[in-house]
Amino acid sequence: MSLNKLTKDWRAMSYGFLDASAKRELRRKMIKAVAVPGCQMPYASREVPIARGWGTGGLQATLTLLNPRHVVKVIDQGDDDSFNAASIRQFLARVSGAETTSDTLEATLIQSRHRVPEEILREDQILVLQVPNPEPLRPVQPSMAIARQMHADADYGRLWLKLYEEIVRSGRIMQGAEYPALVNGRYVITPSPIPRWDVRKLHMARHLTLLPAGREKRIYAVPPFTRIEPLVFNDVPYKVEDHAGVTCSRSGLKGFFMNEIPLDGGGTRHEISDGYLGAKALERAAGQAVRIGETWYKNGEMQ
């Protein structure tokens with residue numbers, strides 16, 4: 001056996017941009033994260049061609065999973081056409097040869113920032129959520145070493161106290177995004193910066209959700225059919241954003257999560273946050289044969 005037979009010719013770039021060692025490590029950590037739902041797994045975050053804090057963790061996880069058979073969808077706060085989403089989607093296609101789409105129903109791998117699509121995801125779909133801050137205890141415990149010990153002891157008393165103080169001061173829990181949730185009765189996570197509207201979509205979902213944080217070098221997961229329980233008191237029910245009576249000014253859809261857009265005259269109008277769902281509604285209204293899947297919410301109520 002010679003050395004030449006054990007090596008390969010030098011290439012300018014490996015498939016999927018990341019080197020084999022990085023992918024191998026990330027795959028191991030993903031398996032561990034799925035095996036222990038909600039537990040944060042450390043990994044050696046690599047450099048990718050976007051700035052830290054703009055989705056490096058999500059990009060690394062997507063590059064690790066990607067192959068030419070995948071159909072990729074990238075969204076940024078519900079929008080497929082934002083600069084961040086379009087740039088990442090173009091990069092993924094160039095380094096992998098995978099097809100891209102804006103349709104949630106066609107995608108097999110979805111990378112998202114801030115939102116979970118409104119259409120229900122299937123068993124064969126993977127959702128990768130970009131996470132800026134994976135530590136739910138950071139607001140109450142600045143020392144990460146102590147926070148790790150608190151997770152090990154399932155000591156979340158300070159987090160409950162913070163929620164209680166918000167109710168006493170404001171009459172309700174003010175946290176609109178990154179709402180803490182208990183995974184499988186054991187670990188508390190911050191489910192990315194998704195709004196409270198989306199947290200319930202992870203409960204007993206059929207799809208796998210991966211939550212990597214590249215800047216913080218942590219990854220955790222919500223496997224399919226896993227219990228996700230937002231932290232709530234028995235006498236203060238969990239409430240999502242009240243968009244039941246709000247209608248999208250463009251598509252006419254009603255009862256979904258909306259973006260509030262200020263107008264020059266001082267008023268506001270609303271547009272559905274899931275941009276491509278609104279586009280499909282417009283195409284259907286124009287007489288085109290467009291398939292719209294079942295949605296998590298109907299008329300503002302979780303189904």
Side-chain angles (χ1 to χ4, degrees), residues 17 26 30 33 40 45-66 70-93 95-96 98 100-104 107-119 121 125-136 175-179 181 189-202 205 207-222 240-241 256-261 271-279 296:
F17 187 82
L26 257 171
M30 287 178 186
Q40 298 175 43
S45 180
R46 301 304 204 272
E47 294 292 335
V48 288
I50 58 175
R52 296 282 184 180
W54 289 88
T56 58
L59 183 56
Q60 290 177 73
T62 301
L63 290 170
T64 300
L65 297 169
L66 206 54
H70 273 301
V71 180
V72 184
K73 174 182 171 72
V74 183
I75 53 179
D76 184 354
Q77 300 192 27
D79 188 3
D80 293 81
D81 298 323
S82 72
F83 181 80
N84 190 40
S87 298
I88 292 176
R89 183 168 57 249
Q90 182 182 21
F91 174 74
L92 293 174
V95 301
S96 69
T100 61
T101 185
S102 296
D103 194 339
T104 301
T108 59
L109 184 57
I110 302 170
Q111 180 177 328
S112 176
R113 178 171 176 257
H114 294 176
R115 287 303 318 279
V116 177
E118 295 290 356
E119 293 170 287
L121 302 183
Q125 293 177 302
I126 299 175
L127 176 64
V128 178
L129 287 174
Q130 301 171 201
V131 180
N133 175 27
E135 182 52 72
Q175 193 160 348
E178 300 183 89
Y179 195 98
I189 66 167
T190 171
S192 176
I194 61 175
R196 286 177 293 176
W197 182 277
D198 287 345
V199 175
R200 284 178 168 175
K201 297 177 183 178
L202 304 180
H207 68 278
L208 167 65
T209 303
L210 297 170
L211 301 102
R215 182 174 50 190
E216 301 290 330
K217 301 179 176 64
R218 299 274 162 175
I219 185 170
Y220 49 106
V222 178
V240 302
E241 293 79 359
F256 296 104
F257 191 83
M258 301 286 175
N259 296 328
E260 187 174 355
I261 302 173
E271 288 187 6
I272 186 168
S273 178
D274 190 336
Y276 197 71
L277 179 61
W296 309 91

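In what follows, residues are counted from 1 in the order of the sequence shown. As the structure is a computational prediction, the values presented were derived from the model and not from experiment.
Shown here are the salt bridge (Lys or Arg N to Asp or Glu O under 4.0 Å) partners of Asp79, two or more places apart in sequence or in another chain: there are none. Remark: Tyr220 pairs with no residue by the ring-ring contact (aromatic ring centres under 6.0 Å, His included) rule, at least two apart or across chains.
One finds the CD1 atom of Ile219 at 8.0 Å from the OG1 atom of Thr64 (value rounded to the nearest 0.5 Å). Between atom OG of residue Ser102 and atom CG of residue Asp81 there is a gap of 6.0 Å, rounded to the nearest 0.5 Å. One finds the CD1 atom of Ile126 at 10.0 Å from the NE2 atom of His207 (value rounded to the nearest 0.5 Å). Note that the OH atom of Tyr179 and the OG1 atom of Thr190 stand 12.0 Å from one another [nearest 0.5 Å]. Separation of atoms CD (Glu178) and CZ (Arg196) is listed at 13.0 Å; rounding is to 0.5 Å. To the nearest 0.5 Å, atoms CZ (Phe83) and CH2 (Trp54) are separated by 9.5 Å.
Counting heavy atoms from C-beta on, the side chains of Gln40 and Pro136 come closer than 4.5 Å. Contact of the Ile261 side chain with the Glu271 side chain is registered, since non-hydrogen atoms from C-beta on lie closer than 4.5 Å. At a threshold of 4.5 Å between non-hydrogen side-chain atoms, the residues Thr101 and Tyr276 do not count as touching. Counting only heavy atoms from C-beta outward, the side chains of Ser45 and Arg52 approach each other to under 4.5 Å.
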Check against side-chain contact (heavy atoms from CB on, under 4.5 Å), Leu210 and Val222: CA-CA 6 Å; Leu210 297 170; Val222 178; over 6 Å; no

Chi angles and distances behind the side-chain contact (heavy atoms from CB on, under 4.5 Å) call for Val72, Leu66: CA-CA 9 Å; Val72 184; Leu66 206 54; 3.3 Å; yes

Test side-chain contact (heavy atoms from CB on, under 4.5 Å) applied to Met30 and Leu65, step by step: CA-CA 10 Å; Met30 287 178 186; Leu65 297 169; 3.8 Å; yes

Trace of the side-chain contact (heavy atoms from CB on, under 4.5 Å) decision for Leu208 with Leu127: CA-CA 6 Å; Leu208 167 65; Leu127 176 64; over 6 Å; no

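Closest heavy-atom contact between Thr100 and Ala93: CG2-CB, 3.9 Å. Smallest separation of non-hydrogen atoms from Leu129 and Pro212: O-CD, 3.1 Å. When every heavy atom of Asp274 is checked against every heavy atom of Glu119, the shortest pair comes out as OD2-N, 4.4 Å.
With Gln130 contributing its side chain and Leu59 its backbone, the two residues share no donor-acceptor pair below 3.5 Å. Not one N or O on the side chain of Gln60 forms a donor-acceptor pair closer than 3.5 Å with the backbone of Gly214. Distance alone, capped at 3.5 Å, places no donor-acceptor pair between the Lys201 side chain and the Trp296 backbone. With hydrogens and angles disregarded, no donor-acceptor distance shorter than 3.5 Å links the side chain of Asp76 to the backbone of Asn84. The main-chain N or O of Val71 is found under 3.5 Å from a side-chain atom of Thr108 such that the two form a donor-acceptor pair.
Between Arg115 and Asp198, at least one side-chain nitrogen of the basic residue sits less than 4.0 Å from a carboxylate oxygen of the acidic one, meeting the salt-bridge criterion. Between Arg218 and Glu135 there is no salt bridge, since no side-chain nitrogen of the basic residue lies less than 4.0 Å from a carboxylate oxygen of the acidic one. By the 4.0 Å N-to-carboxylate-O rule, Asp80 lies close enough to Lys73 to be salt-bridged with it.
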